[in-house]
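These notes concern the structure reproduced below.
The chain is numbered in sequence order, starting from 1. Values reported hereafter were calculated over all heavy atoms of this structure, with side chains retained and with hydrogens, waters and symmetry mates removed.
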Amino acid sequence: MIAFVSGPVAALAPTTAVIEVGGVGMAVQCTPNTIAGLRTGEPARLATSLVVREDSLTLYGFADDDERQVFELLQTASGVGPRLAQAMLGVHRPDALRLAVSTGDEKALMAVPGIGKKGAQKLLLELKDKLGALLGSSGLVGAQRAAATGPAPWTEQLSAALIGLGYASREAEDAVTAVTPQAEAAIAESGSAPVPQLLRAALQTLNRAR
């Protein structure tokens with residue numbers, strides 16, 4: 001198993017980071033939040049999980065070991081593969097997921113694209129007692145802290161991801177403004193903004209502008 005990769009960031013895409021390790025470029029699948037914390041040419045260390053399929057080897061990357069552990073635990077629930085597990089971490093940080101499961105918060109899980117009401121109910125049952133306690137906290141104070149570690153507003157996530165891909169702050173701001181109607185429509189329909197889809201739409205807007 002490849003537990004982590006460390007080296008300069010060779011390239012960034014909306015859902016992929018290429019980390020140079022010993023002269024080899026390792027393509028790592030990441031959430032927009034993780035991508036937003038990386039900069040091309042700068043050193044990075046990503047905790048990783050290697051998913052082996054008959055026709056592919058896919059390396060998933062995370063900001064820290066806790067995210068990687070939760071990613072692997074989520075997949076112990078029936079119907080949860082690596083893509084859905086990563087989508088869950090793209091919407092909620094680990095402690096926010098622990099809080100949702102421990103409190104039976106269906107709506108929090110339904111905020112993840114691809115999870116409906118029945119799916120959320122099933123996941124709450126299957127993940128109970130699997131994700132562990134909130135890190136470094138307990139009781140009501142811990143719940144409040146976990147809530148505070150929830151996802152940043154979609155505008156901040158999207159702007160940070162664009163800047164991480166090398167766009168100027170003004171370009172990122174204009175792109176966020178351009179996709180705001182799409183985001184508002186998604187929020188009205190499902191209660192959440194799908195940041196990965198919005199990132200792709202924002203990149204299309206920026207490419208047309210250039």
Side-chain contact test, heavy atoms from C-beta onward, threshold under 4.5 Å: evaluate it for Pro82 versus Gln86 and give yes or no.
no
Between Thr103 and Leu99 (side chain of the first, backbone of the second, donor and acceptor by atom type, cut-off under 3.5 Å), is there such a pair?
yes
If you look at every heavy atom in Leu46 and Cys30, which pair is closest and at what distance?
CD1-SG, 4.0 Å
With heavy-atom distances below 4.5 Å as the criterion, would you say the side chains of Val5 and Leu59 are in contact?
yes
Asp65 and Ala47 have their tightest heavy-atom pair at OD1-CB, 3.4 Å
Do Leu127 and Met110 share a hydrophobic cluster, counting only Ile, Leu, Val, Met, Phe, Trp and Tyr and linking them when any side-chain heavy atoms are less than 4.5 Å apart?
no
Answer whether the closest heavy-atom distance between the side chains of Val51 and Gln29 falls below 4.5 Å.
no
Under a 4.5 Å side-chain heavy-atom rule over Ile, Leu, Val, Met, Phe, Trp and Tyr, are Val101 and Leu125 clustered together?
no
Close side-chain approach of Val70 and Arg98, heavy atoms under 4.5 Å:
yes
Check whether any side-chain heavy atom of Thr34 lies under 4.5 Å from a side-chain heavy atom of Leu89, and answer yes or no.
no
How long is the gap from CD on Glu173 to CG on Leu158, to the nearest 0.5 Å?
12.0 Å
Checking Gln182 side chain against Val179 main chain: does a donor-acceptor pair fall under 3.5 Å?
no
What's the shortest heavy-atom distance between Val21 and Met26, and which atoms?
CG2-CG, 3.8 Å
Taking all atoms of both residues into account, what is the closest heavy-atom pair of Leu38 and Ala17, and its distance?
CD1-CB, 3.7 Å
Ala36 backbone acceptor or donor facing Arg39 side chain under 3.5 Å:
yes
In short, salt bridge (Lys or Arg N to Asp or Glu O under 4.0 Å) pairs touching residues 71-86 with sequence neighbours left out are none
If Ile, Leu, Val, Met, Phe, Trp and Tyr residues are connected whenever their side-chain heavy atoms lie under 4.5 Å apart, and connections chain through other members, are Val18 and Val28 in the same group?
no
In short, Thr16 meets Ala27 closest at the heavy-atom pair CG2-CB, 4.2 Å
Separation between OG1 (Thr40) and CG (Leu12), nearest 0.5 Å, reads 4.0 Å
Can you list every side-chain hydrogen bond (donor to acceptor under 3.5 Å, both in side chains) pair that touches residues 111-131, not counting sequence neighbours?
Thr76-Lys130, Ser78-Lys122, Ser78-Glu126, Glu106-Lys117, Glu106-Gln121
Measuring from Asp174:CG to Thr205:OG1, what's the distance to the nearest 0.5 Å?
10.0 Å
Does any part of the side chain of Ile19, heavy atoms only, come nearer than 4.5 Å to the side chain of Val9, both counted from C-beta?
yes
Hey, does the side chain of Arg68 reach the backbone of Ala3 with a donor-acceptor pair shorter than 3.5 angstrom?
yes
Between Pro113 and Val91, is any pair of side-chain heavy atoms under 4.5 Å apart?
yes
Between Leu74 and Leu97, is the side-chain contact (heavy atoms from CB on, under 4.5 Å) condition met? List the steps.
CA-CA 10 Å; Leu74 289 172; Leu97 280 173; 4.1 Å; yes
Check: Leu84 and Ile115 side chains under 4.5 Å, non-hydrogen atoms:
yes
What pairs of residues pass the ring-ring contact (aromatic ring centres under 6.0 Å, His included) test when at least one of them lies in residues 29-60, not counting sequence neighbours?
Tyr60-Phe71
If you apply the rule side-chain contact (heavy atoms from CB on, under 4.5 Å), what do you find for Arg53 with Thr58, and how did you get there?
CA-CA 8 Å; Arg53 296 287 185 265; Thr58 306; over 6 Å; no
Indicate, with yes or no, if Leu198 and Ile187 share a hydrophobic cluster defined by side-chain heavy-atom contacts under 4.5 Å among Ile, Leu, Val, Met, Phe, Trp and Tyr.
yes
How close do Val80 and Leu123 get, counting heavy atoms only, and between which atoms?
CG2-CD2, 3.4 Å
